[in-house]
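Before any comments, here is the structure.
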Amino acid sequence: MTKLGITCYIQNTRLLSPPPSSRQHRGAYFIGPAHTVQFVPHGDTTTPAASAHHVDTLTRGSVMVIAASASLPNAVWGGLMTARARRLGCVGAVVDGRVRDLNEIWGVGEEEGGSGGSGASFPVLATRGTSVLGAGSHARPVRVGEPVTLCGETAWPVVVREGDVVVGDVDGAVRVPIERAAEVGELARRLKAIDAQCLGAVEQGSTLVDAFRTFRGKK
């Protein structure tokens with residue numbers, strides 16, 4: 001998407017669920033419209049509280065997107081939220097902040113696979129790893145369904161709006177402005193086909209330079 005001038009990459013997102021040791025981790029993938037929420041420090045007494053719970057307002061096929069201040073020590077996503085989100089048909093969560101209850105999160109979906117544990121764990125990506133602290137006295141949700149800024153402390157902040165397309169996998173997460181989704185999708189399909197041609201050539205003994213020159217047009 002950088003070719004289209006779109007700031008898309010949500011920096012430092014790491015796939016915490018499914019568990020890294022599971023066979024689902026490598027193939028974890030989700031795509032859907034964003035459902036956004038902003039967390040502020042509990043000491044912020046001026047910002048009005050959210051009128052509805054951000055998890056209870058998820059819709060089927062959506063992706064939970066959470067923005068939390070980098071200074072917060074607590075988690076803003078955990079096991080109970082995961083269970084409720086899964087029940088509502090949410091397909092994944094992207095958390096600019098911390099997560100807790102990993103064992104519970106990993107367990108959500110396992111019951112669908114029976115004792116063999118072949119059910120798919122709910123995919124969760126987070127930028128700051130884990131915490132043992134709940135939101136409690138540390139943070140509170142305020143704005144639900146409004147634009148949020150992720151990675152605001154970095155040189156590459158990303159604004160995610162309600163309904164923007166969010167894609168996540170083992171490499172991280174990106175957001176696509178909804179009004180440019182078709183354009184981005186077409187470019188992605190074209191680039192994927194080109195990379196497949198490059199791979200085929202390399203597997204037949206081509207150098208990368210020659211493969212890129214032939215299929216990517218690089219000199």
Side-chain angles (χ1 to χ4, degrees), residues 1 6-11 13-18 24-25 27-40 49-68 75-102 104-112 119-128 135 139-151 157-185 188:
M1 284 185 283
I6 301 172
T7 302
C8 59
Y9 174 48
I10 302 171
Q11 284 194 71
T13 44
R14 186 166 66 93
L15 187 66
L16 300 182
S17 178
Q24 293 98 4
H25 186 83
Y29 172 84
F30 61 80
I31 180 171
H35 181 52
T36 60
V37 61
Q38 176 76 52
F39 274 78
V40 297
S51 58
H53 198 285
H54 50 287
V55 177
D56 285 337
T57 49
L58 283 163
T59 56
R60 181 164 297 278
S62 62
V63 176
M64 185 80 255
V65 177
I66 300 176
V76 291
W77 187 262
L80 290 175
M81 292 181 179
T82 298
R84 177 62 172 153
R86 176 93 175 206
R87 178 70 176 176
L88 292 172
C90 175
V91 296
V94 176
V95 181
D96 186 18
R98 306 179 196 277
V99 172
R100 69 172 184 168
D101 304 331
L102 282 184
E104 292 181 28
I105 292 172
W106 294 340
V108 173
E110 283 189 350
E111 65 278 4
E112 296 174 10
S121 296
F122 187 85
V124 178
L125 292 100
T127 59
R128 301 188 196 104
R140 61 188 182 90
V142 289
R143 290 181 291 275
V144 177
E146 298 182 22
V148 296
T149 299
L150 307 185
C151 309
V158 177
V159 175
V160 180
R161 301 165 303 171
E162 184 82 0
D164 279 349
V165 179
V166 178
V167 185
D169 64 12
V170 70
D171 287 326
V174 298
R175 84 79 160 91
V176 181
I178 184 61
E179 68 275 10
R180 302 193 68 177
E183 178 185 10
V184 170

Query raised in the report: Can you find a pair of side-chain heavy atoms, one from Cys151 and one from Tyr9, that are under 4.5 Å apart?
Result: no
Report task. Output the distance between atom CE (Met81) and atom CG (Asp56), rounded to the nearest 0.5 Å. Result -> 10.0 Å
Query - Side-chain donor or acceptor of Thr36 paired with backbone N/O of Pro147 under 3.5 Å - result: no
**Report entry** Shortest non-hydrogen separation from Val55 to Leu88 and the atoms involved
**Finding:** O-CD1, 3.2 Å
Query raised in the report: Just wondering, are more than 12 heavy atoms of other shown residues or ligands nearer than 6.0 Å to CD1 in Ile178?
Result: yes
Report task. Report yes if the side chains of Tyr29 and Val167 come closer than 4.5 Å at any heavy-atom pair, otherwise no. Result -> yes
Query raised in the report: Atom NE2 of His35 and atom CG of Asp164: how far apart are they, to the nearest 0.5 Å?
Result: 14.0 Å
Query raised in the report: Does the side chain of Thr82 reach to within under 4.5 Å of the side chain of Trp77, using non-hydrogen atoms?
Result: yes
Requested in this report: Kindly give the heavy-atom pair with the smallest separation between Pro123 and Pro18, and that separation in Å.
Outcome: CA-CD, 4.2 Å
Report task. Show your reasoning for whether side chain to side chain contact (heavy atoms under 4.5 Å, CB included) applies to Val158 and Gln11. Result -> CA-CA 9 Å; Val158 177; Gln11 284 194 71; over 6 Å; no
Report task. Classify the ring geometry between His54 and Phe39 as parallel (under 30°), tilted (30 to 60°) or perpendicular (over 60°). Result -> perpendicular
Report task. Could you tell me whether Arg161 and Glu179 have a side-chain N and a carboxylate O separated by less than 4.0 Å? Result -> yes
Query raised in the report: Is there a side-chain contact between Val165 and Ile31, using heavy atoms and a 4.5 Å cut-off?
Result: yes
Query raised in the report: Do Val91 and Val63 come within less than 4.5 Å of each other through their side chains, counting heavy atoms only?
Result: yes
Requested in this report: May I ask you to decide if Gly172's main-chain N or O and Thr13's side chain share a donor-acceptor pair within less than 3.5 Å?
Outcome: no
Query raised in the report: Counting N and O atoms only, with roles assigned by atom type, does the side chain of Arg128 sit under 3.5 Å from a partner on the main chain of Arg98, one being a donor and the other an acceptor?
Result: no
Report summary line: Interatomic distance, OG@Ser17 vs CD@Glu104, rounded to 0.5 Å, equals 12.0 Å
Report summary line: Distance col, row Ile105:CD1 vs Leu16:CG, nearest 0.5 angstrom, shows 7.5 Å
Query - Ile6 side chain near Arg175 side chain, heavy-atom distance below 4.5 Å - result: yes
Report summary line: All heavy atoms of Ser62 vs all of Cys90, minimum pair found to be O-SG, 3.3 Å
Requested in this report: Measure across Val37 and Pro141 and return the closest heavy-atom pair with its distance rounded to 0.1 Å.
Outcome: CG2-CB, 3.9 Å
Report summary line: Taking every heavy atom of Val170 against every heavy atom of Leu15, the minimum-distance pair comes out as CA-CD2, 3.8 Å
Report summary line: When rounded to the nearest 0.5 Å, the distance separating CG of Asp96 from OG1 of Thr149 is 9.5 Å
Report summary line: Interatomic distance, CD@Glu162 vs CZ@Arg143, rounded to 0.5 Å, equals 13.5 Å
Requested in this report: Grab the two heavy atoms, one from Ala67 and one from Leu150, that are nearest each other, plus how far apart they are.
Outcome: CB-CD2, 3.6 Å
